[in-house]
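First up is the structure itself, then whatever we jot down about it.
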Protein chains: 2
Amino acid sequence: MNRRQHKASLTKKKISDAAIKLFEEKGFRNVTVDEIVQVTGTSKGAFYTHFKSKHEVFFDKFKEIDRYYEEVLLDFVKEEEFSIEKLRIFLRLQMKYIQEDLGWDVTRTIYENELDPSRKSYFLMEDRPLYRILTNIFDEGQKNGEFRNDISTEKMVMVCLRVMRGILYDWSINEGAYSLEEEQELLFSTMINGLEA
Amino acid sequence: MNRRQHKASLTKKKISDAAIKLFEEKGFRNVTVDEIVQVTGTSKGAFYTHFKSKHEVFFDKFKEIDRYYEEVLLDFVKEEEFSIEKLRIFLRLQMKYIQEDLGWDVTRTIYENELDPSRKSYFLMEDRPLYRILTNIFDEGQKNGEFRNDISTEKMVMVCLRVMRGILYDWSINEGAYSLEEEQELLFSTMINGLEA
DNA sequence: ATATTCTACAGACTATAGTCTCTTTGTCAA
DNA sequence: TTGACAAAGAGACTATAGTCTGTAGAATAT
């Protein structure tokens, strides 16, 4: 990385840090790009060379989510004997993390971004770690007879993803008004119930 | 209704009709309010006296959805002996209707609107016919022992709504790329499985 | 060392949803 | 009938995300 690239990456980080801080303080919608640009002493040009949109500032946050799933949550899950328990715990911790560390405004913003066809989708990237994690769990659980055998792993992953999206979307439109950690239990246990062998 | 109100309602209808037609032709995001105003020969002032936002033009469409659920779908369901079958058929027909009559762009637009905290939410209106319909089905099914008795009807309705939102959100971000009518089957049957007594 | 090219950035500009103010005209009370 | 009021509408204006164009100076080639 030469001097120029280095300086550029500093600018990107400066913008990103300031933006995320402002979003946390005032909420995503109440922060303007002009404001971000102003407090960082940069410019529209700088902002949009580093980010495709105001939403995209979250992209790093998003990669962070997946890293957290892989590095932290998988550890908690590893020791469990049964795949069903792995799944249950993974989902609970995931919801807890989203509630406590991301918060509903970030979640809402990410969910909103996905609905805009002109913007890059993170949910539809096929190689998301989340998908691998779920695939592994279902695969293993199906092999040792815990999950139904009449449905492919892919389909079970799809079911699981849609249920997750359902509760996270619902939580977002409710502006985080209920405890995700508590409410997830019934929903996911119903789903797991329906997927058990 | 006096002459003035009559004329006003004509204007509203003119705007609404033209807008929906344009949305169908070009997609919601590719139609501007200026364009709607121009083709109807009205003005911004007229538009915004009748609609709180561009999204709100769908409000009527939304009421139409619920009317359809109540008037058409309930008829198909009435004859069924088992509540579980009623639920299954209702959900299938609902998805079929959304796929064929509304389309993913309208669905996406409605789902997007809900994510904006500054706008009126339709999903959170407690007296939506949809909620009554689901409550009735679960209530009846619980009484005759088809559904689990350890969960309240309200909670089962919540589970069902979240699953519905999950698949519709997912279908929206996929830009309607798969058949809702086909894909709903596995998801809802899994859920019903988990709710059966 | 000099010329050339490229890239990060500045900031003016555009597109568009939504607001504000002013005007017109129907309604209603006296 | 007339005067006050209100509501529907016209259209200028604002706020803000995103685009476009030009430039300085760093990298690179000769």
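Within every chain, numbering begins at 1; the chains are lettered A, B, ... in the order of the sequence lines, protein sequences first and strands thereafter.
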Atom pair distance, as rounded to whole Å: [atom1] in [X] and [atom2] in [N]:
{"X": "B/N113", "N": "C/dA17", "atom1": "CG", "atom2": "P", "answer": "14 Å"}
{"X": "A/L10", "N": "C/dT7", "atom1": "CG", "atom2": "P", "answer": "19 Å"}
{"X": "A/Q38", "N": "C/dC9", "atom1": "CD", "atom2": "C1'", "answer": "17 Å"}
{"X": "A/F28", "N": "D/dT16", "atom1": "CZ", "atom2": "P", "answer": "13 Å"}
{"X": "B/D34", "N": "D/dC13", "atom1": "CG", "atom2": "C1'", "answer": "13 Å"}
{"X": "A/F51", "N": "D/dA17", "atom1": "CZ", "atom2": "P", "answer": "15 Å"}
{"X": "A/F23", "N": "D/dA17", "atom1": "CZ", "atom2": "P", "answer": "9 Å"}
{"X": "A/H6", "N": "D/dG25", "atom1": "NE2", "atom2": "P", "answer": "19 Å"}

Query raised in the report: Counting any heavy atom closer than 4.0 Å, what does B/R29 reach on the DNA or RNA strands: base, sugar-phosphate only, or nothing?
Result: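 Nothing: the residue B/R29, judged by heavy atoms under 4.0 Å, touches no strand.
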
**Report entry** Sugar-phosphate only, base, or nothing, as touched by A/V31 at under 4.0 Å among non-hydrogen atoms
**Finding:**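 Contact class for A/V31: sugar-phosphate only.
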
Axial cation check for [Y] ring with [X], 6.0 Å and 45° limits:
{"X": "A/K52", "Y": "A/F59", "answer": "no"}
{"X": "B/K63", "Y": "B/Y122", "answer": "no"}
{"X": "B/R162", "Y": "A/Y178", "answer": "yes"}

Report task. Could you work out which one of D/dT19, C/dC9, C/dG18 sits closest to the side chain of A/Y48? Result ->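 Among D/dT19, C/dC9, C/dG18, the one nearest the side chain of A/Y48 is D/dT19.
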
Report task. Output the single nucleotide from C/dC9, D/dG18, D/dA27 whose closest atom is nearest the side chain of A/A8. Result ->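 When the side chain of A/A8 is considered, C/dC9 is the closest of C/dC9, D/dG18, D/dA27.
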
Counting just side-chain N and O atoms, does [X] come under 4.0 Å of either OP1 or OP2 of [N]?
{"X": "B/K54", "N": "C/dA17", "answer": "yes"}
{"X": "A/R119", "N": "D/dG18", "answer": "yes"}
{"X": "B/H55", "N": "C/dA17", "answer": "no"}
{"X": "A/T32", "N": "D/dA15", "answer": "no"}

Query raised in the report: B/K86 pairs by side chain to side chain donor-acceptor pair (under 3.5 Å) with which of B/E146, B/E80, B/E140?
Result: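 Of B/E146, B/E80, B/E140, side chain to side chain donor-acceptor pair (under 3.5 Å) with B/K86 is met by B/E140 alone.
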
Query raised in the report: Hey, which of these two, B/R3 or B/S53, hits DNA chain C nearer its 5' end, going by closest nucleotide?
Result: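 Closest to the 5' end, via its nearest nucleotide, is B/S53.
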
Query - Residue met sooner reading DNA chain C from 5', once A/S9 and B/V33 are mapped to nucleotides - result: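 Taking each residue's closest nucleotide, the earlier one in sequence belongs to A/S9.
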
Report task. Report yes if a donor N or O on one partner sits less than 3.5 Å from an acceptor N or O on the other, where the partners are the side chain of A/R4 and the base of C/dC6; otherwise report no. Result ->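 Indeed, a donor on one side and an acceptor on the other fall under 3.5 Å apart.
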
Query raised in the report: Could one point to a donor on the side chain of A/K44 or the base of D/dG18 with an acceptor on the other under 3.5 Å away?
Result: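 Answer yes: a donor N or O sits under 3.5 Å from an acceptor.
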
Query raised in the report: Any side-chain donor paired with an acceptor under 3.5 Å for B/Y69 and B/Q94?
Result: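 Yes.
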
